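The structure appears right after this line, and notes come after that.
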Amino acid sequence: MHSRRKASDTLIEMTAAGEDDIAILTGFTHSRSAGEDSNGPLFENNSNPDSELPGNSEGLSSTESTFLISNHGKYSLFLQHRLRIDKHHQSKDSIFFRDGVRRIDFVLSYVDDPGKEMDRKMERRKDFEKNLELSGLELETEDKKESEDGKTYFVKIHAPWQVLSTYAEVLNIKMPIKENDIPPAIGNPFNCMLGVFRLPEKVMNPEPDYFTAPFSKQRQELYLIHDENSFFTPSTRNRIVYYILSRCPYGTEEGKKKFGVKRLLSNGTYTSAFPLHDCQYWKKAKDSNCDSERYTLYMEWARFARFYKEQPLDLIRKYYGEKIGIYFAWLGFYTEMLFFAALVGLICFLYGVITMDENMSSKEICDPAIGGQIIMCPLCDRNCEYWKLNTTCENSEYSHLFDNVATLFFAIFMGIWVTLFLEFWKRRQARLEYEWDLVDFEEEQQQLQLRPEYEAKCTSKKKNPVTQEIELVIERRTFQVFGKLFLCWMSIMFWILLIIASMVAVIVYRLSVYAAFASIMENNQSLEPISGLLTPQTATSVTASFLNFILIMILNFLYERVAIWITDMEVPRTHLEYENRLTMKMFLFQFVNYYSSCFYVAFFKGKFVGYPAEYTYMFGNWRNEECDPAGCLIELTTQLTIIMAGKQIWGNIQEAILPWVQNWWRRRKARGHPENLYSRWEQDHDLQSFGNLGLFYEYLEMVIQFGFITLFVASFPLAPLLALMNNILEIRVDSWKLTTQHRRPVAAKAHSIGVWQEILNGMAILSVVTNAFIVAFTSDMIPRLVFYYAYFTNEESPMAGYINSSLSVFDTREFKNGTEPLENPMGYTNCRYRDYRYPPDHEKRYSHTMQFWHILAAKMAFIIIMEHVVFLVKFFVAWLIPDVPSEVKARIKREKYLTQRILHEYELNKLKEKLGGKTDYVDVENEVKATTGKMQLSEAI
């Protein structure tokens with residue numbers, strides 16, 4: 001147990017004037033309560049806060065610009081020189097300094113720049129590294145002569161105990177005080193059947209479960225400190241060091257203080273900054289002090305051969321931090337729930353396969369005596385010819401696979417499934433919050449910390465009305481605020497309009513090339529064997545879908561950079577605000593980009609065509625598209641399949657193949673080097689950077705996929721199956737690239753998936769509406785049901801005659817000039833078109849029939865009924881399922897009570913120890929009584 005240290009530490013305030021103005025302050029007081037997080041050490045700055053207004057500085061607040069230094073000899077680093085030990089004394093494939101004792105918590109790299117900025121960069125590095133040492137960190141530099149390329153310097157950073165313990169208190173990090181003795185929850189009775197999917201216990205639970213409490217330097221005896229070197233996990237250590245790096249000043253330029261490693265990376269002073277992996281991923285480390293957790297993760301998690309195994313979430317959280325852990329927990333849970341949706345969707349698809357031969361509509365279309373005798377009107381002006389209905393025989397048969405009674409059942413099922421998924425995820429998330437000590441986690445402790453980029457632009461100070469503390473703020477005039485807001489949203493609207501323009505271009509492509517495809521296929525004898533499968537409609541639809549997918553990818557590539565630029569220009573105050581703003585911009589754009597073509601096919605194509613004598617035209621030139629006689633659902637299915645599958649394939653290429661190729665190219669010169677010369681920091685330096693937005697893109701990819709399987713699932717019941725297969729691969733691809741192809745990310749805390757939860761909730765509600773409209777207006781289910789119950793003519797076969805009933809008659813002599821076919825060798829006087837209108841010899845010629853209005857009424861009634869039924873079930877299920885399991889609630893209360901009791905007993909014992917050293921026993925006795933009373937009150941509560 002670590003002995004208690006006195007609170008007589010030294011504060012060093014670094015002002016803009018430089019080293020000469022360093023004021024050494026002894027003694028300190030807490031500037032915030034023990035349980036509250038801040039953006040700097042918990043100490044007051046005794047200098048006059050008005051002595052340096054931030055109007056001409058780009059620096060930190062008074063609390064941010066202070067760094068703790070112990071005045072003990074071994075931690076006073078003012079005169080300490082960096083160690084220079086012969087590189088041959090130990091293998092360079094190590095995560096320790098040359099002394100083999102001090103762990104490398106972070107690495108900075110840079111190269112000599114012979115340009116005009118060389119001197120300025122050297123001065124920045126000198127100031128920055130000096131200030132890091134003054135903040136208590138220990139540095140060791142590897143000369144460029146010792147690096148693999150002979151150009152790169154590496155600065156290794158170690159955080160000693162004094163720094164770690166100080167900032168653990170600043171960041172309100174919870175540490176173990178006692179091993180958890182609460183009996184584990186009752187196990188799953190099916191565990192014996194699921195053994196094949198389980199991982200070894202030591203992998204699933206890499207460390208015991210503890211009662212924890214926010215760390216405090218003043219009561220270190222309370223914590224289970226067996227070894228100061230291993231008390232803080234590597235992920236906690238690199239999180240603390242990065243916190244210091246992101247706020248450390250490095251000088252004054254143009255009258256403003258500059259600070260933060262991110263700025264130094266952006267201006268090229270350093271080339272990279274990263275924590276180290278603990279070993280090579282394909283073999284364990286030789287050092288017994290290294291846990292080789294990266295190797296364990298690779299062997300048990302990051303290989304595709306383990307695709308059927310559960311994920312070691314606790315080990316992921318321990319190695320990468322809670323933020324990455326919660327992502328993989330969500331992705332794994334989403335994949336598990338997809339299994340049930342995929343199973344039901346497959347059953348619905350098989351129902352379509354089994355009943356294909358019983359479909360009366362396709363039978364009539366394919367029958368030479370019916371479909372072979374029905375002459376259809378040309379699908380375009382002038383260049384298109386009359387055609388027989390039975391040429392769409394194969395399309396009508398395939399359409400039945402997705403357009404059948406099971407479609408309605410599956411649409412309702414998915415409306416309920418998405419609710420169950422979101423509600424059960426809340427419960428799973430609550431359980432993780434308890435298991436990962438995130439119950440009392442507040443966003444202020446991590447995400448609400450001020451961004452260094454915001455602090456750098458602060459121009460004034462303002463008192464916080466809640467904390468009554470002076471905070472740095474950016475003075476923004478009203479016209480500046482509205483000007484930036486206007487510019488940002490106009491940029492977003494421009495890109496959305498650009499998407500719409502590209503979609504219109506694809507529609508024009510469809511209208512323009514149909515006649516060309518029809519002419520080519522009619523005169524090409526080599527295509528005769530597949531003419532039934534590859535019709536002009538199919539060729540147009542497939543090529544347009546591929547063209548649309550290419551445009552989507554190009555626009556995505558361009559807009560990602562624009563969205564980041566716009567968000568940076570807004571200068572959000574906090575990390576959470578930055579991520580939320582970027583998320584909403586990116587999601588809004590991607591929503592329009594990916595789904596606009598599907599919305600067009602589902603809700604607009606074939607709905608505003610007119611009839612042969614009065615066709616409607618786009619821009620007065622191109623005649624609007626018609627649906628296939630069997631409906632537009634098969635085309636929506638094609639569009640959805642190509643975009644969804646293409647996005648998943650391209651995403652996996654981007655995530656797996658490109659990083660592998662880039663890393664292979666960067667490491668090509670070092671492959672022949674012996675292990676003791678190719679250092680651990682060089683190996684990691686040659687990997688790809690995961691980046692601050694790495695998880696953002698992963699979430700975005702999965703949320704867009706979630707939209708495909710919910711918003712349009714009524715048109716493609718196999719979409720959840722495709723998503724399931726992709727996600728099984730996605731988990732292993734993401735884990736593989738994170739473990740083998742990327743540098744170790746800086747650990748970060750998160751207790752939920754954040755704003756993505758609200759986006760998923762919104763999409764779940766929208767999916768009920770879209771699927772109701774797809775069933776009503778895109779599929780042929782409602783017209784068939786109306787005919788079955790109200791317009792049948794054959795009691796023995798009620799659906800007989802449906803195709804003839806759904807096609808209207810047109811007199812070919814009434815074509816407008818310039819729209820009639822160039823050739824009519826058979827002399828057709830009548831042709832049919834898809835609509836419900838009176839024939840030319842009727843007194844209401846070409847007006848809509850009563851059957852049309854009955855069908856429209858039935859569609860609207862169906863939408864209202866389906867939406868209300870699904871919404872009622874959704875809200876009832878959401879109300880029925882509590883967000884936090886009762887067992888977890890009880891365990892949280894029990895743990896809080898026991899932890900509070902342990903803390904009270906500790907304080908009581910400390911008070912009793914003081915009895916012998918005080919003369920005023922009455923005061924001590926009153927303190928003991930107060931503490932005891934507090935314990936009793938807590939027990940009563």
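Model, not experiment: these values are computed from the prediction.
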Compare every heavy atom of Ser752 with every heavy atom of Gln429, then report the nearest pair and how far apart it is.
OE1-CA, 3.3 Å
For the residue pair Phe106 and Asn238, what are the closest heavy atoms and their distance?
CE1-O, 3.8 Å
Mind checking what makes salt bridge (charged side-chain N to carboxylate O under 4.0 Å, His left out) contact with Glu423, not counting sequence neighbours?
Lys426
Testing Tyr319, Trp301, Tyr320 for ring pair (Phe, Tyr, Trp, His ring centres under 6.0 Å) with Phe328, which one passes?
Trp301
Mind running side chain to side chain contact (heavy atoms under 4.5 Å, CB included) on Asp287 and Ile95 for me, showing each step along the way?
CA-CA 9 Å; Asp287 195 326; Ile95 58 172; 5.9 Å; no
Evaluate the side chain to side chain donor-acceptor pair (under 3.5 Å) criterion for residues Lys318 and Thr233: first the C-alpha distance (whole Å), next the side-chain angles of each, then the deciding distance (0.1 Å), finally the verdict.
CA-CA 8 Å; Lys318 181 184 176 185; Thr233 63; over 6 Å; no
Tell me, do His751 and Ile326 make a side-chain contact under 4.5 Å, heavy atoms counted?
no
Using a 4.5 Å cut-off on heavy atoms from C-beta on, say whether the side chain of Pro214 contacts that of Glu169.
no
Can you name the residues that form a salt bridge (charged side-chain N to carboxylate O under 4.0 Å, His left out) with Lys889, not counting sequence neighbours?
none
In the structure I gave you, are the side-chain heavy atoms of Glu133 and Ser135 within less than 4.5 Å of one another anywhere?
no
Close side-chain approach of Tyr167 to Ile244, heavy-atom, < 4.5 Å
yes
Can you name the side-chain hydrogen bond (donor to acceptor under 3.5 Å, both in side chains) partners of Glu322, sequence neighbours left out?
Arg317, Lys749
Minimum heavy-atom distance Ala329-Leu432, with the two atoms named
CB-CD1, 3.4 Å
Among residues at least two apart in sequence or on other chains, which ones pass side-chain hydrogen bond (donor to acceptor under 3.5 Å, both in side chains) with Asp314?
Trp436
Spatial distance of atom OG (Ser735) from atom CD1 (Ile316) [nearest 0.5 Å]
7.5 Å
Closest heavy-atom pair, Ser292 versus Cys279, reported as atoms and distance to 0.1 Å, is CA-SG, 3.7 Å
Rounded distance [0.5 Å steps], CZ in Arg103 versus CZ in Arg237:
7.0 Å
How long is the span from the CG atom in Leu315 to the CD atom in Glu207, to the nearest 0.5 Å?
9.0 Å
Looking at Glu579 and Lys323, does any basic side-chain N land under 4.0 Å from a carboxylate oxygen?
yes
Side chain to side chain contact (heavy atoms under 4.5 Å, CB included) assessment of Met175 paired with Thr212:
CA-CA 5 Å; Met175 301 306 294; Thr212 60; over 6 Å; no
Under the rule for side-chain contact (heavy atoms from CB on, under 4.5 Å), what residues qualify as partners of Asn229, not counting sequence neighbours?
Asp227
Could you please spell out the steps behind the side chain to side chain contact (heavy atoms under 4.5 Å, CB included) verdict for Asp105 and Leu137?
CA-CA 10 Å; Asp105 297 311; Leu137 297 177; over 6 Å; no
Run the side chain to side chain contact (heavy atoms under 4.5 Å, CB included) test on Ile157 and Leu108 for me, step by step, so that the C-alpha distance in whole Å, both residues' side-chain angles and the decisive distance to 0.1 Å come before the verdict.
CA-CA 8 Å; Ile157 302 175; Leu108 305 175; 3.9 Å; yes
Charged N to carboxylate O below 4.0 Å: is that the case for Arg891 and Glu895?
no
Across all chains, not counting sequence neighbours, the salt bridge (charged side-chain N to carboxylate O under 4.0 Å, His left out) partners of Lys202 are none
Taking side chain as C-beta onward, heavy atoms only, is Glu140 less than 4.5 Å from His158?
no
Minimal heavy-atom distance between Pro208 and Glu179, with the atoms involved, is CB-OE2, 3.9 Å
For Ala168 and Ile240, work out which heavy atoms get closest and say how close.
N-CD1, 4.1 Å
Identify whether the distance between the nearest side-chain nitrogen and carboxylate oxygen of Lys309 and Glu300 falls below 4.0 Å.
no
Look only at the side chain of Arg744 and the backbone of Phe274, and say whether a donor-acceptor pair between them is shorter than 3.5 Å.
no
Once you measure the plane-to-plane angle for Phe128 and Tyr250, does it fall in the parallel (<30°), tilted (30-60°) or perpendicular (>60°) bin?
perpendicular
Is Lys262 close to Tyr242 at the side-chain level, that is, under 4.5 Å between some pair of heavy atoms?
yes
Salt-bridged, Lys156 to Glu138, with N to O below 4.0 Å?
no
Ion pair Glu905/Arg901, N-O distance below 4.0 Å
yes
Kindly say whether Asp291 contributes a backbone atom to a donor-acceptor pair with the side chain of Asp278 at under 3.5 angstrom?
no
Heavy-atom side-chain contact between Ile225 and Trp161 under 4.5 Å:
yes
Enter the distance from Ile753:CD1 to Phe333:CZ here, rounded to the nearest 0.5 Å.
11.0 Å
Determine, for Tyr243 and Arg247, whether the Lys NZ or Arg CZ falls below 6.0 Å from the six-membered ring centre while staying within 45 degrees of the axis.
yes
For the atom pair OH (Tyr223) and NZ (Lys178), what is the distance rounded to the nearest 0.5 Å?
15.5 Å
Any side-chain heavy atom of Ser165 sitting closer than 4.5 Å to one from Phe231?
no
Looking at CZ of Phe211 and CG of Leu903, how far apart are the two atoms once the value is rounded to the nearest 0.5 Å?
11.5 Å
Between Tyr699 and Tyr327, is the gap from one ring center to the other below 6.0 Å?
yes
Between Asp437 and Lys174, is there a salt bridge with N-O shorter than 4.0 Å?
no
Short side-chain to backbone donor-acceptor contact, Arg239 and Val746, under 3.5 Å:
no
